[in-house]
Each structure stands twice: as structure tokens, then as C-alpha cells.
Amino acid sequence: MEGQIVKKPKILCLHGFRTSGSFLKKQISKWDPSLFTQFDMEFPNGKYPAGGKSDIEGIFPPPYYEWFQFEKDFTVYFNLEECISYLCEYITANGPFDGFLGFSQGATLSALLIGYQAQGKVLREHPPIKFFISISGSKFRDASICDVAYKDPIKANSVHFIGDKDWLKLPSEDLASAFDKPLIIRHPQGHTVPRLDEASTCQLRNWITEVLCQPQVGDSVCEHETDHEENKSEKGSKLEPCSTNQDNGVNSVEINKGSETVEVAKA
């Protein structure tokens with residue numbers, strides 16, 4: 001509507017272990033910038049200063065942060081409940097948020113919050129988180145957490161980037177299985193935010209286009225449809241879907257147990 005400021009959907013972006021919000025922002029910057037032009041993205045730092053050496057020392061300047069701590073087998077966690085409370089307060093104060101994006105520890109934590117919200121454990125007054133972008137995420141392994149967070153298939157739209165050489169490849173696949181009809185985009189790299197080739201960029205763009213067709217948090221369907229139709233008439237305001245992955249050299253697409261898997265061709 002003329003004179004009305006249309007709010008962009010908001011994404012909360014959670015960084016990996018012993019890095020920072022600014023580092024995740026830099027990591028995401030290697031993707032086509034047009035993918036996220038219609039979103040407001042926030043990159044907060046973890047609640048705790050890094051308690052040890054960071055893998056990005058000498059690559060990206062400090063300070064570094066972590067969301068919580070854990071034992072080596074990832075079945076015992078420290079300060080997790082404090083971290084969850086901290087993030088719920090942040091989300092309530094700075095939201096509402098439409099979706100989450102996370103890398104590694106940040107993705108694992110994001111999925112937990114979405115699962116907990118679906119079960120009514122956290123964020124009861126916040127609108128449901130509608131979508132999730134996971135990069136090298138995994139499930140928690142404590143049974144008391146799993147029995148709640150992953151009790152039912154999580155309905156939020158999700159896309160999962162999984163690296164062939166990632167040491168969290170299998171845990172990332174396990175996390176994807178916790179979601180209803182996840183899109184899985186595989187890449188040949190390791191534990192990193194991958195550079196995306198044309199095919200995987202196209203898949204992500206199409207997925208984002210579908211996400212943008214959904215009502216934003218706090219909007220009625222009618223309000224959203226009106227804004228969406230108006231936005232389509234404005235030059236350059238609509239994120240155009242691209243051709244299918246078969247047209248862009250992707251090795252294969254398969255439907256498996258409700259998930260769509262995209263094999264990303266090497267550049």
C-alpha cells in the first residue's frame with residue numbers, strides 16, 4: 001500500500017563454535033548477495049567468550065564466542081539452559097523472527113529451538129519459526145533433549161547443506177531427518193560454509209522464493225497476499241525463481257523419505 005513501510009522477514013543467524021557473528025556474516029557473503037536482499041538478517045555473538053583456541057585464529061580477528069560447552073562425545077553439555085534462556089530473551093526483544101540460519105553449533109542450537117517451540121517448551125508467545133537454513137548442523141545426543149525436540153517431525157521449511165568431506169556429514173543427515181520434507185543440498189567440501197555453484201544457488205533461490213510466498217510472522221494471509229502482489233509489480237523487488245536443477249548440471253535429484261536431495265556438481 002502507498003506510503004506503508006513493508007517489513008522484511010527477519011532471519012536470526014547463529015555462528016559456529018568459537019567464532020563470531022561477524023565471521024558468519026563474512027562466511028555467508030561468499031553466496032550470491034541477491035539471495036537475501038529481501039530479508040533483515042541479524043548476527044549476534046554467542047553468550048560466552050571462547051574458552052579455548054579458535055580454529056579461525058590468524059584467519060579472522062577476535063573476539064571469538066561460543067554458545068555453550070560440551071564434552072567430547074557431545075552427550076554432556078554445560079551452560080546450555082542458560083544459552084537457551086539468553087536466546088529466547090534475545091528473540092523476544094528483537095523479533096519477531098521468521099526464520100533461523102545457523103552453521104555448526106549455531107545450526108544445532110537453531111534446530112533445537114525450533115523443535116522445542118513446536119512442543120511448547122520455549123517461545124510460546126512468539127509466532128512459529130517458519131523456516132531454517134542449516135549448514136553442518138547436527139542433533140543433540142542427550143535422550144532427555146531428543147525426546148522433546150525431535151519427538152515429532154518438525155514442520156518448519158528447512159534446507160540442509162551437507163558436505164561430502166564434513167566430519168559431521170552423518171549427524172547432519174540425521175538432523176535433516178528430524179524435519180518434514182527437508183531440502184538437502186550436498187556439496188563436495190568439508191566442515192565449512194560452502195561456495196555455491198550455479199546449480200545449488202538456483203536450488204536455494206527457488207526454496208527462498210517459496211518461503212517468501214508464505215505469510216510473514218505477525219501478518220494475516222490477506223495482508224501478505226496484498227503486499228506480495230504489490231511487490232511483484234515493482235521492478236526488481238521480486239526474487240525470481242530460476243530453472244530447475246536438472247537444467248543446471250546437477251548430478252541427480254532424488255526423493256527419499258519425504259526429503260528432496262540435491263547433489264551439487266563440482267565446479
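Sequence positions, counted from 1, serve as the residue numbers for this chain.
No side-chain donor-acceptor contact under 3.5 Å links Glu173 to the backbone of Ile184. Checking side-chain atoms of Asp180 against main-chain N and O of Pro153 turns up no donor-acceptor pair under 3.5 Å. At distances below 3.5 Å, at least one donor-acceptor pair connects side-chain atoms of Tyr77 with backbone N or O atoms of Phe74. A donor-acceptor pair under 3.5 Å is formed between the side chain of Lys8 and the backbone N or O of Thr37. In terms of modelled atom types and a separation under 3.5 Å, the side chain of Gln117 and the main chain of Pro127 share a donor-acceptor contact. A donor-acceptor contact shorter than 3.5 Å links the side chain of Asn45 to the backbone of Gly21. Between the side chain of Lys181 and the main chain of Asn157, no donor-acceptor pair closer than 3.5 Å is present. The backbone N or O of Arg195 lies less than 3.5 Å from no partner atom in the side chain of His187, so there is not a single donor-acceptor pair.
Ser172 contributes atom OG, which lies 8.5 Å from atom CG of Leu170 (distance to the nearest 0.5 angstrom). Here CG of Leu123 is found 5.5 Å from OG1 of Thr92. Values are rounded to the nearest 0.5 Å. Once rounded to the nearest 0.5 Å, the distance linking CZ of Phe43 with NZ of Lys26 reads 13.0 Å. Note that CD of Glu89 is 11.0 Å distant from CG of Asn94, once rounded to the nearest 0.5 Å. Expressed to the nearest 0.5 Å, how far CD of Gln69 lies from CD of Gln105 amounts to 8.0 Å.
Using a 30° and 60° split on the angle between ring planes, His160 and Phe132 fall in the perpendicular class, above 60°. Aromatic ring orientation, Phe36 versus Trp31: parallel (interplanar angle below 30°, classes split at 30° and 60°). Ring geometry, Tyr86 versus Trp67: the interplanar angle falls from 30° to 60°, so the pair is classed tilted.
With a 4.5 Å cut-off on side-chain heavy atoms, Ile129 and Ile114 count as touching. Looking at Phe60 and Ser22, their side chains come closer than 4.5 Å, going by heavy atoms from C-beta outward. When side chains are defined from C-beta on, Leu80 does not count as touching Phe70, because their heavy atoms never get closer than 4.5 Å. Under the 4.5 Å side-chain criterion, counting only non-hydrogen atoms from C-beta, Lys169 is in contact with Asp164. Using a 4.5 Å cut-off on side-chain heavy atoms (C-beta onward), Pro44 and Leu12 make contact. Counting heavy atoms from C-beta outward, Leu196 and Pro194 have side chains that approach closer than 4.5 Å. For the pair Leu113/Ile84, a side-chain contact is recorded, criterion being any heavy-atom separation below 4.5 Å from C-beta on. Contact of the Leu109 side chain with the Phe100 side chain is not registered, since no non-hydrogen atoms from C-beta on lie closer than 4.5 Å.
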Next item on the list: Using the side-chain contact (heavy atoms from CB on, under 4.5 Å) rule, take Ser110 and Leu101 through it: C-alpha gap first, then chi angles, then the decisive distance, then the call.
Entry: CA-CA 7 Å; Ser110 295; Leu101 178 152; over 6 Å; no

Item checked: Worked check of side chain to side chain donor-acceptor pair (under 3.5 Å) between Arg205 and Ser34 -> CA-CA 9 Å; Arg205 188 184 306 279; Ser34 69; 3.1 Å; yes

Next item on the list: For side chain to side chain donor-acceptor pair (under 3.5 Å), just list the numbers for Ser136 and Asp166, CA-CA rounded to whole Å, side-chain angles, deciding distance to a tenth of an Å, and then say yes or no.
Entry: CA-CA 8 Å; Ser136 298; Asp166 191 347; 2.6 Å; yes

Next item on the list: Go through the steps for Glu42 and Lys10 under the test side-chain contact (heavy atoms from CB on, under 4.5 Å), then give the verdict.
Entry: CA-CA 8 Å; Glu42 293 193 13; Lys10 295 185 72 172; 3.0 Å; yes

Item checked: Verdict with supporting geometry, Gln38 and Leu212, side-chain contact (heavy atoms from CB on, under 4.5 Å) -> CA-CA 9 Å; Gln38 297 196 49; Leu212 286 170; 4.1 Å; yes

Margin query: Under the criterion side-chain contact (heavy atoms from CB on, under 4.5 Å), I'd like the reasoning laid out for Leu204 against Asp32: C-alpha separation, chi angles, the key distance, then a yes or no.
Written below: CA-CA 10 Å; Leu204 181 57; Asp32 185 336; over 6 Å; no

Next item on the list: Report the C-alpha separation of Thr108 and Ser138 in whole Å, then their side-chain angles, then the decisive distance to 0.1 Å, and conclude whether the side chain to side chain donor-acceptor pair (under 3.5 Å) test is met.
Entry: CA-CA 5 Å; Thr108 300; Ser138 63; 3.1 Å; yes

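What you find for Phe140 and Leu112 is that their closest heavy atoms are CE1-CD2, 3.5 Å. The heavy-atom pair separating Ile11 from Phe97 by the smallest distance is C-CD2, 3.8 Å. The two atoms that bring Thr192 and Ile135 nearest to each other are O-CG2, 3.7 Å, heavy atoms only. In plain terms, the two heavy atoms of His191 and Leu168 that are nearest each other are CE1-CD1, 3.5 Å. The two residues Arg18 and Ala50 come nearest to each other via the heavy atoms CG-CB, 3.7 Å. For the pair His126 and Pro96, the tightest heavy-atom approach, listed with the atom from each and the gap, is NE2-CA, 3.3 Å.
No continuous path of ILVMFWY side-chain contacts below 4.5 Å connects Tyr65 to Phe68, so the two sit in separate hydrophobic clusters. Placement of Phe103 and Phe23 in two distinct hydrophobic clusters is found when ILVMFWY residues are connected by side-chain heavy-atom separations under 4.5 Å, directly or transitively. Both Tyr116 and Phe179 are assigned to one and the same hydrophobic cluster, defined by single-linkage of ILVMFWY side chains at heavy-atom distances under 4.5 Å. Phe17 is not connected to Tyr48 by any chain of hydrophobic side-chain contacts under 4.5 Å among Ile, Leu, Val, Met, Phe, Trp and Tyr, and they are in different clusters. With hydrophobic clusters built from ILVMFWY side chains whose heavy atoms lie under 4.5 angstrom apart, Leu183 shares a cluster with Val211.
Asn79 and Glu66 share no side-chain donor-acceptor pair at under 3.5 Å. Counted by atom type alone, Ser200 and Asp197 present one or more donor-acceptor pairs between their side chains at under 3.5 Å.
Lys47 has no carboxylate O lying under 4.0 Å from a charged side-chain N of Glu82, or vice versa, which leaves the two without a salt bridge. With respect to Arg141 and Glu71, no salt bridge is recorded, no charged nitrogen being found less than 4.0 Å from a carboxylate O. Salt bridge annotation for Asp174-Lys139: present, with a cationic side-chain nitrogen under 4.0 angstrom from a carboxylate oxygen. The pair Asp40-Lys7 does not count as a salt bridge, with every side-chain nitrogen at least 4.0 angstrom from each carboxylate oxygen.
None of Ile162, Thr201, Val159 except one satisfies the side chain to side chain contact (heavy atoms under 4.5 Å, CB included) rule with Ile185; the exception is Val159.
No more than 12 heavy atoms of other residues, nucleotides or ligands shown are found within 6.0 angstrom of NZ on Lys151.
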